[in-house]
Amino acid sequence: MNLYQVKEHFEPEAFNYDSLIPRLIPYYHEQHTLMLNLIPFKRTANLRALDLGAGTGILSALILKAFPQTTVVALDFAENMLTACRRNLSVYQDRVIFRRGNFAVDDIGAEYDLVVAGSALHHLDDLGKQKLLKRLFSAMNPGGCFLCQDIVYGASPDLTEQYETIWRQYIRSNGENDEHWFSKYLEEDMPSSVEDQMKWLIEAGFEDVGCHWRYLNFAIFGGQKHK
């Protein structure tokens, strides 16, 4: 599965995405609130931020509201997602740059103080993630921060299977068809373990690398580019 195929998945779901996704991902809104609180800058800071795989703009909105001097580049591959993102961020339009592109291969820009990725990196295989993390490091200013929220594998196949079983129970408890969504996950997504991704962050040059939060096969982790 490549990002072009993933794009075809998200195009028709874009306008139902915000109401659907909390029924599929545990603690969805809590994860994004925590990511916002983990941003290590004063709220008055003049930042340039990249929302990688911005989707409908939930992370961008939180950042733009909390950091009124910040400009965000909202990058996504699906046109309908960007349309929904433009609509959701219309009140901040003078501080948002909307960019359509495939972050695996296209130019992602430069001179970022903050890069956030919400449920984005799992669309790349292990090598793709490693290459992207190196590109992100190069695209960031000294002192910059990278935060990632994503679906991940467990530290062992047995743990991964156990996590996925509990995850499917959560999906069913919200009235969704877990067989349908789990099949899409197996077809499209390529998670990696938290442990591997923290290692790749260090190899890319990031410091203060850590996993800030985890629940089963969902995690928030990141690092900083020191001055």
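One is the number of the first residue; the rest follow in order along the sequence. All figures in this text were calculated on a predicted structure; none of them were measured in a lab.
Both I166 and L186 belong to a single network of hydrophobic side chains, linked directly or stepwise wherever heavy atoms of I, L, V, M, F, W or Y lie under 4.5 Å apart.
Panel note: side chain D196, backbone S192; no donor-acceptor pair is recorded below 3.5 Å. Judged by distance alone, the side chain of T56 and the main-chain N or O of D18 form no donor-acceptor pair under 3.5 Å.
Relative to the six-membered ring of Y92, K65 misses at least one condition, a distance below 6.0 Å or an angle of at most 45° to the axis.
For the side-chain contact (heavy atoms from CB on, under 4.5 Å) test, residues two or more places apart in sequence or in another chain that qualify with A66 are L36, R43. H29 pairs by the side chain to side chain donor-acceptor pair (under 3.5 Å) definition with nothing, not counting sequence neighbours.
Neither side chain, D150 nor S119, offers a donor N or O lying under 3.5 Å from an acceptor on the other. A donor-acceptor contact closer than 3.5 angstrom links the side chains of E164 and Y185.
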Determine whether R172 and D178 satisfy the following criterion, salt bridge (charged side-chain N to carboxylate O under 4.0 Å, His left out), listing intermediate values before the conclusion. CA-CA 6 Å; R172 287 197 303 273; D178 68 300; 3.0 Å; yes
Check the pair Q149 / L59 against side chain to side chain contact (heavy atoms under 4.5 Å, CB included), numbers first and verdict last. CA-CA 11 Å; Q149 175 274 334; L59 270 174; 5.9 Å; no
Applying salt bridge (charged side-chain N to carboxylate O under 4.0 Å, His left out), run through K134 and E203 and close with a yes or a no. CA-CA 8 Å; K134 291 176 181 178; E203 291 173 352; over 6 Å; no
Taking it one step at a time, do L24 and E176 satisfy side chain to side chain contact (heavy atoms under 4.5 Å, CB included)? CA-CA 8 Å; L24 304 181; E176 293 292 332; 4.0 Å; yes
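Ring geometry for F218 versus W167: interplanar angle over 60°, hence perpendicular rather than tilted (30 to 60°).
In this structure, the side chains of Q224 and E207 stay at 4.5 Å or more apart for every pair of heavy atoms.
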